[in-house]
Amino acid sequence: MEHGVQPERALELAMRCPLRRSFRAIDLGSARNRVLSHSLKSLVDDPRFDNSAMDGFAVKATDCIAPKAQLRIVGTSQAGAEPSLGISAGEACRIMTGAPLPEGADAIVMVEDTEVTGDTVSINGPARMGYIRRRAENLSIGQEALPTGALLSSACIALAGTMGHGTVRVIQKPKIAILSTGDELVQPGARLEAGQIYESNSHALASLVEAMGCEAIRHESANDSLNELRATLDTLSDYDAILTSGGVSMGEWDLVRRIMEEEGKIYFWRMRLRPGGPPLFGTWRGTPLFGLPGNPVSSLVVFHVLVAPWIAKSLGYHEEMGPRLSHRVSVTLEEDIPGAPGKLCLRRIRIRSEGGRLLATTHTHQGSGNMHSMVAHNGLTLLPPDTDGRKGETIEAMWLL
Ligand code: AMP
Ligand code: MG
């Protein structure tokens, strides 16, 4: 077991037990927010044929140089029609948006710039080649346009459809169990007795797990009893991973750490992180287990710094297009923000864009039990160990989504 590891080392160790990656095919209609397990190539050219970007007339540009040129209308090209029409010099063909360009035409005049009398059209505006959408100008057949690990947004789904894919292969959502621990915890909505508090971590962690493309299975919180904890962890060991919160510090009642030490396998305990120092990673009956801190802010911070990247790496998420919870940005500090000795320091900051820069300030106090501070702020500093942030300085930060 390693003790007090840097965040990069923590991820490296956790990657010794990655989530298993499997996939299945699903209809495009239910693919939103799923993650592609295989890249998608276009099955067609896009566009499939030269066509018009406007309703109007397909013409020869050289016929339209003289003001108010008069051209003979020889037919109509409609969307969905076979491209069998053609024009010769002095002729025009009515054309609808998306309809195939008739043979011989090299420009389009918008309908608004024309006037029809019988079978003659007067060209009163420009004939533009730019109104023609050329075959394969967007995508060529066989071209890869959606990479492995991309989160399927509405636009991605439309593109998959454009490329001819009615079904797509997506990553099977791993099932991640979430268990909070502590005698003091009561589910929100229930009655509190003296000394009890509302349990919030499992709800936050479940939503983060879901946002990272996995299925969250929240379990009733376990009391601080070795027997209860053992029995509960055993019931959870069939899931793909377990996240616990609480019980990983130095205290006598920090039973997750104790039971993992005595009966599980620990890869590391404690990270060089503030807040979020106490976590551990290991396996329980072979299932990867993150023991996250009980302090609500700490458990979230550790999820952002460690668990989210572990999920993304395990499942092969695309770095830019995959599911993510934050963007790495450079921010200019509007005040001094102290770092932490020997630890990566994640102070909560409010990031706003002003004058082409991202500015960062702090608002509420930064206690690791103060969940309100995670809502009042929208980012976390990434101050390296032993480094204070000075007013006016530009530092790296995570902008939370
Ligand atoms: P622990 O790590 O178990 O010592 O817990 C640290 C602090 O976090 C204590 O104040 C706990 O009451 C609190 N805490 C632990 N688990 C939760 C939870 N699931 N929801 C809200 N607060 C918690
Ligand atoms: Mg506890």
Side-chain angles (χ1 to χ4, degrees), residues 3-5 10 176-211 216-233 235-236 239 241-264 266 268-282 284 289-308 340 343 346 348 364-377:
H3 186 264
V5 295
I176 299 187
I178 294 161
L179 174 67
S180 52
T181 67
D183 287 344
E184 74 280 29
L185 304 176
V186 170
Q187 285 307 308
R191 223 180 103 90
L192 290 173
E193 303 294 341
Q196 295 182 325
I197 62 163
Y198 288 128
E199 191 280 310
S200 60
N201 292 353
S202 71
H203 297 277
L205 293 170
S207 72
L208 291 171
V209 160
E210 301 269 348
I217 292 99
R218 273 186 59 249
H219 200 277
E220 285 282 293
S221 57
N223 283 322
D224 290 322
S225 128
L226 272 181
N227 286 338
E228 185 176 334
L229 192 55
R230 183 184 304 106
T232 309
L233 287 177
T235 65
L236 303 180
Y239 291 113
I242 303 170
L243 305 182
T244 64
S245 84
V248 286
S249 298
M250 313 282 215
E252 204 178 316
W253 292 105
D254 286 323
L255 299 182
V256 174
R257 176 184 50 78
R258 233 181 89 189
I259 204 169
M260 283 295 286
E261 258 170 9
E262 291 168 9
E263 302 174 43
I266 301 186
F268 72 81
W269 177 41
R270 302 189 71 78
M271 280 169 81
R272 302 199 147 271
L273 202 64
R274 177 178 291 169
L280 62 78
F281 175 80
W284 178 261
L289 181 149
F290 288 89
L292 304 178
N295 274 312
V297 173
S298 307
S299 69
L300 259 64
V301 165
V302 175
F303 191 97
H304 282 288
V305 173
L306 179 65
V307 185
K343 292 178 177 176
L346 296 108
R348 275 133 275 164
T364 54
H365 90 95
Q366 302 261 331
S368 59
N370 180 12
M371 186 47 65
H372 184 237
S373 69
M374 284 298 281
V375 174
H377 297 88

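One-based numbering, in listed order, for ligands and for the atoms of each. Please read these numbers as outputs of a predicted model, since none were measured by experiment.
- Atom 19 (N) of ligand 1 has as its closest protein heavy atom Glu199 OE2, 2.9 Å.
- Using a 4.0 Å cut-off to heavy atoms of Tyr198, the atoms of ligand 1 that qualify are 21 (C).
- Rounding to the nearest 0.5 Å gives a distance of 8.5 Å between NE2 of His365 and CZ of Arg348.
- Distance check, rounded to the nearest 0.5 Å: CG of Leu229 to CE of Met260 gives 10.0 Å.
- Less than 4.0 angstrom separates some heavy atom of Glu184 from each of these atoms of ligand 1: 11 (C), 12 (O).
- Scanning the protein for heavy atoms near atom 14 (N) of ligand 1, the closest one is Gly294 O, 3.2 Å.
- Residues Gln187 and Arg218 have side chains that bring a donor and an acceptor to within less than 3.5 angstrom of each other.
- Using cut-offs of 30° and 60° for the angle between ring planes, the Phe281 and Phe268 rings count as parallel.
- Closest to atom 10 (O) of ligand 1, if we only count protein heavy atoms, is Asn295 OD1, 4.3 Å.
- Between the choices Asn201, Val297, Asp254, Ile197, the shortest heavy-atom distance to atom 18 (C) of ligand 1 belongs to Asn201.
- The backbone N or O of Ser221 sits nowhere less than 3.5 Å from a side-chain atom of Glu199 that would complete a donor-acceptor pair.
- At a heavy-atom cutoff of 4.0 Å, ligand 1 is contacted by both the backbone and the side chain of Ser200.
- Interatomic distance, CG of Leu243 versus CG of Leu205, reported as 6.0 Å (0.5 Å rounding).
- Remark: ligand 1 and Ser202 share no N or O pair separated by less than 3.5 Å (distance only, no angle test).
- Ranking protein heavy atoms by distance to atom 1 (P) of ligand 1, first place goes to Gly247 N, 3.7 Å.
- Contact annotation: for Trp253 versus ligand 1, there are no heavy atoms closer than 4.0 Å.
- With sequence neighbours excluded, the residues satisfying side chain to side chain contact (heavy atoms under 4.5 Å, CB included) with Ser225 are Asn227, Glu228.
- Taking a 4.0 Å cut-off on heavy atoms, Ser245 registers as neighbouring ligand 1.
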Q: Please step through side-chain contact (heavy atoms from CB on, under 4.5 Å) for the pair Leu280 and Leu289, ending with a clear verdict.
A: CA-CA 8 Å; Leu280 62 78; Leu289 181 149; 3.9 Å; yes
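- For Pro296, every heavy-atom contact with ligand 1 shorter than 4.0 Å involves the side chain, none the backbone.
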